[in-house]
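Encoded as structure tokens, the structure appears first; notes follow it.
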Amino acid sequence: MKTHKIALYPGDGIGQEVVAEAVRVLDAIQQRSKTFHLETENIPWGCDYEAKTGQIAPPNFLEKLRPFDAIFLGALGDPRKRPDHMTLEPLICIRQSFDQYACVRPAKLFPGISARVTANTPIDMVIVRENSEGEYFSCGGRFKIGDPDEVAVQTALHTRKGVTRILRFGFELARSRRRHLTMITKSNALKHGMVMWDQILETLRSEYPDVEADQMHVDAASMDFVRRPQRFDVVVASNLFGDILSDLAGAIVGGLGLLPSANLNPERHFPSMFEPVHGSAPDIAGKGIANPVATILSSAMMLDWLGEKEAATAIRQAVESTLGAGHATVDLGGRLKTHEMTDRILEQLPA
Ligand code: IPM
Ligand code: MG
């Protein structure tokens with residue numbers, strides 16, 4: 001039997017609730033499969049941990065996470081307790097330090113869900129977000145803080161290596177799907193970094209003649225996400241644009257409660273991390289009404305990554321049939337509580 005070592009990192013707010021639900025599904029699937037075992041360790045970092053220890057995470061948190069095969073994250077942050085840019089630092093640091101440069105966020109219209117846009121044909125896209133540099137590269141500073149003459153500088157960083165590898169990742173993914181890639185930039189205004197993105201796309205195009213690749217500016221792409229989302233298959237974007245477009249994609253296919261994500265280090269030199277696209281939602285935390293689907297689907301992405309394809313497929317199918325049967329949490333217009341939604345999904349798993 002294969003063993004996979006998983007760091008369970010629920011974090012804050014509804015992160016704790018939805019991770020607990022996904023763990024129920026993971027437990028059920030490994031019991032049924034009998035071919036693999038998940039050895040989990042609970043990582044208690046976040047705002048509660050800070051209240052006890054004075055730190056959001058221990059200083060050697062990267063070292064602690066390094067030996068795991070995967071990290072399964074809920075969500076971080078509770079702005080009522082601490083500013084988000086502080087509590088979220090470990091998240092961005094993990095993505096960057098473990099070179100999880102490919103953030104993969106599938107957004108699909110499931111049966112049983114009404115799209116928030118006119119959708120006569122299926123919506124099925126994957127956002128591939130550059131996750132290691134771009135606008136999230138922490139370079140800048142503030143001068144004369146609080147003074148009327150204050151200056152703040154925040155610089156984005158785009159490297160040829162970083163852009164090339166994320167585009168290649170997108171092209172490869174497109175080959176396994178409908179062979180269409182849309183690269184999102186804003187090169188009509190950001191004439192250094194984003195023009196480099198355009199030029200790199202041109203150099204790669206000939207290597208993937210079987211994939212149709214086009215380019216859109218982020219403003220026009222936002223409009224088309226709403227107007228004709230069906231045109232998108234694989235969408236490759238910089239760190240910030242990918243972040244924004246993934247929330248938009250979530251809204252279009254029924255809500256962020258449905259969108260999973262994987263932060264991948266494709267070379268497998270470091271552990272990859274799996275988490276729902278949504279955040280810690282402090283406004284609904286503790287009420288038992290969060291939608292567990294995004295996190296359960298993230299657990300399927302994790303199993304896929306670990307090579308447990310059959311188990312991953314079983315989870316995805318169970319989610320699809322549950323939604324297809326009309327079972328829904330409050331965010332989807334239904335009445336089910338978090339654990340009831342998981343109950344329905346568990347019932348759909350193969351015996
Ligand atoms: C996401 C989130 C994070 C991001 C936040 C919480 C820092 O919005 O994963 O999409 O911007 O990457
Ligand atoms: Mg986001």
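One-based numbering, in listed order, for ligands and for the atoms of each.
Heavy atoms of Arg105 come nearer than 4.0 angstrom to ligand 1 in at least one pair.
In summary, Asp243 places an N/O/S atom under 2.8 Å from the Mg ion (ligand 2), meeting the contact criterion.
Atom 2 (C) of ligand 1 has as its closest protein heavy atom Asp243 OD1, 3.9 Å. Nearest non-hydrogen protein atom to atom 7 (C) of ligand 1 is Leu88 CD1, 3.9 Å. Of the protein's non-hydrogen atoms, Tyr136 OH, 2.5 Å is the one closest to atom 11 (O) of ligand 1.
With 3.5 Å as the limit, one finds a donor-acceptor pair spanning the side chains of Thr159 and Glu133. A side-chain N or O of His4 and one of Glu308 form a donor-acceptor pair less than 3.5 Å apart. Between the side chains of Glu267 and Tyr101, at least one donor N or O lies within less than 3.5 Å of an accepting N or O.
Two residues are said to be in side-chain contact when any heavy atoms from C-beta on lie closer than 4.5 Å; Val218 and Thr185 fail this criterion.
Using cut-offs of 30° and 60° on the angle between ring planes, the pair Tyr9 and Trp45 is perpendicular.
Only the side chain of Arg95 comes within 4.0 Å of ligand 1, counting heavy atoms alone; its backbone N, CA, C and O stay farther away. The side chain of Arg129, and not its backbone, has at least one atom closer than 4.0 Å to an atom of ligand 1 (non-hydrogen atoms only; side chain from C-beta on). Contacts between Glu89 and ligand 1 below 4.0 angstrom, taking non-hydrogen atoms only, are absent altogether.
Between Phe232 and Phe225, the ring centre distance stays below 6.0 Å.
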